[in-house]
Amino acid sequence: MSVRKRRVRFAPSPTGPLHMGGVRTALYNYLYAKQTDGDFILRIEDTDSQRFVPGAEKYIIDSLKWCGIYPNEGVDDNGNIVETASEKHPHAPYRQSQRKPIYKQYAEMLIANGYAYYAFDSSEELDSKRKAAEANKTTFIYNYQTRKELKNSLTISKEETEHLLATTNHWTIRFKNPEDEIVVMDDLIRGHIEVNTNTLDDKVLWKAVDELPTYHLANIVDDHIMEITEVIRGEEWLPSLPLHYLLYKAFGWTDSQPRFAHLSLLLKPDGKGKLSKRDGDRLGFPVFPLKWINAEGETSRGYREDGYYPQAFINMLALLGWNPGTEQEIFSLNELTDAFSLERVIKSGAKFNPDKAKWFNQEYLRIQTNAQLAEQFIPILKEKGITITEAANKNCNELKNTYTFNYVESLCGLIKERAHFVNDFWDICSYFFIAPTTYAPADVKKFYNANTKEIIEKVYNRIELMDTTNIHTIEEDLTTYIKENDWKMGSVMNTLRLFFVGEAKGLGIADIIHFIGKKEALQRIKTAILSLDI
RNA sequence: GGUCGGUUCGUCUAAAGGUUAGGACUCAAGAUUUUCAUUCUUGCAAUAGGGGUUCGAUUCCCCUACCGACUACCA
């Protein structure tokens with residue numbers, strides 16, 4: 001007997017940008033598929049015509065692509081949802097709105113076999129019943145009891161049903177829940193679950209408003225047709241699991257029914273409840289992988305635009321609700337694929353921690369080569385008006401604001417320990433490109449007076465004689481000079497730093513002199529003494 | 001309200017009946033350093049409460065509390 005090829009799917013609804021929780025769900029599906037050498041399918045669940053958002057589908061695909069998560073079925077090489085079947089994509093179309101004829105026959109099959117019925121109640125009627133029940137502190141459930149008193153194909157004659165179906169479009173198809181049965185379920189993450197069918201609502205399977213199936217029907221039918229073996233989805237679906245079990249049973253598909261794994265939710269960092277877009281705005285972190293601008297023109301920041309490496313983002317998400325059982329925290333996508341297991345997915349909800357996310361990015365920043373960092377930094381430098389030339393040995397200060405790639409590359413090696421993001425680089429090292437124009441008053445007060453002025457003037461002369469091509473000799477020369485004169489190291493160095501940087505912080509003085517060059521270093525000292533005249 | 005799920009440091013989590021309850025992030029202190037960072041060291045800090053079962057419960061069972069999801073012709 002052969003084992004079925006593992007086939008999992010990520011089935012988002014294009015109602016807006018993909019939330020980072022959704023990315024995590026996609027990631028777990030992807031890891032599971034890759035690990036078992038199975039298929040990872042992307043299917044668009046756009047059966048809600050009312051909430052459809054243009055651009056959301058593309059956003060989903062782009063986001064997954066940025067994360068390095070490539071579906072091997074459902075999306076073509078150009079990043080489009082596949083609409084016509086081929087060997088590679090045998091189940092096209094992969095957009096549920098385009099699969100409508102498929103669902104209709106299954107809905108009718110259910111009715112023919114007594115597992116579903118037509119219901120003619122209006123939304124308004126049902127709403128008022130719900131409100132009335134609420135007022136009585138009870139709950140209205142459309143089930144084996146109440147359906148007897150409502151207008152549906154079980155209570156009215158066959159003739160009248162047919163008449164209504166033919167003359168109106170105010171009808172839905174509802175699932176007929178069995179009376180007083182225990183549905184026994186098994187979840188890969190949560191284990192054994194039981195529910196009595198009396199507590200279940202006869203859910204709508206087919207909607208009148210847009211003449212489309214609901215999630216429940218479309219999902220089960222597609223998962224069956226597409227031979228899905230594991231359904232890995234969010235916890236919000238757990239309450240519908242009994243219905244889905246019952247649906248598989250009604251269709252006679254129990255033997256090939258997929259196994260289910262319900263992932264816990266991502267929670268907001270503070271307070272209570274699930275992570276939402278508002279939390280990101282409020283606390284200052286992205287909740288979406290990519291920047292998104294909605295129809296009203298409001299922008300939501302994205303991890304990509306905030307300067308996160310997709311590898312760091314994925315790594316962080318993977319560890320939010322799953323762990324390998326070892327102390328390893330940094331994982332490449334391939335390592336995650338090897339290490340991942342549904343058994344080690346956490347049952348409880350995970351509060352998202354933005355600080356830890358930054359830490360992950362820092363770890364990834366540090367393993368970049370200096371050349372890679374330079375490539376990433378150069379676009380920012382260009383925005384700041386800095387020109388980068390290819391010319392190798394050109395004195396970078398001969399042309400105003402022009403520097404070589406090598407200059408940036410070496411500098412990146414020096415500053416990468418100090419940043420979480422490449423986006424931090426400019427603030428950390430702008431003085432390597434442009435001279436300070438102001439000097440922090442507190443530091444001036446602390447490090448500049450008549451005495452230090454005198455010293456610095458001597459140091460100026462010393463620098464003039466120095467070989468500044470080698471960081472090490474600059475350092476040695478400077479420190480011996482300071483010691484010879486019995487000056488205070490901290491005082492002299494910080495005064496120089498103040499003149500070079502504009503404040504008393506930054507890299508080593510030798511590094512700065514070496515990078516900006518002798519001429520520029522001397523110039524900065526002159527400028528500072530002039531502007532801080534005492 | 002009902003149904004279902006969950007509960008270990010502030011946060012993410014380890015320990016699948018026997019550990020001084022471990023690690024990471026954050027925070028604090030110290031060391032290094034010419035400053036700021038980095039780095040290193042140390043520290044703070046947890047099994048929700050109550051009953052069982054057991055020689056022994058973070059771990060198994062029950063109750064309570066709390067948290068969450070769902071409760072639409074949304075997914």
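Below, chain A is the first sequence line, B the second, and so on; all start at residue 1. Below, all heavy atoms of this structure are taken into account, side chains as well, without hydrogens, waters or symmetry copies.
- Of the listed nucleotides (C12(B), U35(B), A14(B)), U35(B) has the atom at the smallest distance from the side chain of Lys505(A).
- Between the C1' atom of U13(B) and the CE atom of Met316(A) lies a distance of 15 Å, rounded to the nearest Å.
- The ring pair (Phe, Tyr, Trp, His ring centres under 6.0 Å) test applied to Tyr309(A) returns no partner, not counting sequence neighbours.
- Each side-chain hydrogen bond (donor to acceptor under 3.5 Å, both in side chains) pair with one or both residues in residues 347-357 of chain A, not counting sequence neighbours, appears once here: Glu329(A)-Lys356(A).
- Comparing the same atom, C1', in U47(B) and in U20(B) gives a spacing of 15 Å after rounding to whole Å.
- Atom-to-atom, CD1 of Ile474(A) to C1' of U34(B) comes out at 15 Å; the value is rounded to the nearest Å.
- Scored by the side chain to side chain donor-acceptor pair (under 3.5 Å) test, Arg51(A) finds Asp48(A) as partners (sequence neighbours excluded).
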Per-pair distances, 0.1 Å, donor-acceptor, side chain in residues 197-205 of chain A, under 3.5 Å, sequence neighbours excluded:
from	atom 1	to	atom 2	distance (Å)
Thr197(A)	OG1	Pro178(A)	O	2.8
Thr197(A)	OG1	Asp180(A)	N	3.3
Thr197(A)	OG1	Glu181(A)	N	2.8
Thr197(A)	OG1	Glu181(A)	O	3.2
Asn198(A)	OD1	Asp180(A)	N	2.6
Thr199(A)	OG1	Asn196(A)	O	2.9
Asp201(A)	OD1	Tyr142(A)	N	2.8
Asp202(A)	OD1	Arg147(A)	NH2	3.3
Asp202(A)	OD1	Asn177(A)	N	3.1
Asp202(A)	OD1	Asn177(A)	ND2	3.1
Asp202(A)	OD2	Tyr117(A)	OH	2.6
Asp202(A)	OD2	Arg147(A)	NE	2.7
Asp202(A)	OD2	Arg147(A)	NH2	3.1

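- Remark: C1' of U11(B) and CG of Leu320(A) are 10 Å apart, rounded to the nearest angstrom.
- Looking at residues two or more places apart in sequence or on another chain, you find a ring pair (Phe, Tyr, Trp, His ring centres under 6.0 Å) between Tyr481(A) and Trp487(A).
- Residue-level contact check: Leu507(A) touches the bases, meaning some heavy atom is under 4.0 Å from a base atom.
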### Query
When you check every protein heavy atom under 4.0 Å of nucleotides 67-75 of chain B, what one-letter string (B, S, -) results, 5' to 3'?
SSSSSSBBB

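- Listed by first and then second residue, the side-chain hydrogen bond (donor to acceptor under 3.5 Å, both in side chains) pairs that reach into residues 489-502 of chain A are Asn494(A)-Arg497(A), sequence neighbours excluded.
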Taking only N/O atoms, report every protein-nucleotides 26-29 of chain B pair under 3.5 Å with atom names and distance.
none

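- Note on ring orientation: taking the six-membered ring where Trp is involved, the planes of Tyr28(A) and Phe340(A) are tilted (angle from 30° to 60°).
- Residue Leu266(A) contributes atom CG, which lies 15 Å from atom P of U11(B) at whole-angstrom precision.
- Among the protein residues, Leu496(A) comes within range of no part of the nucleic acid, since none of its heavy atoms lies under 4.0 Å from any strand.
- For His420(A), the side chain to side chain donor-acceptor pair (under 3.5 Å) test picks out no residue, with sequence neighbours left out.
- Residue Arg344(A) is classed as a sugar-phosphate contact, given heavy-atom separations below 4.0 Å to backbone atoms only.
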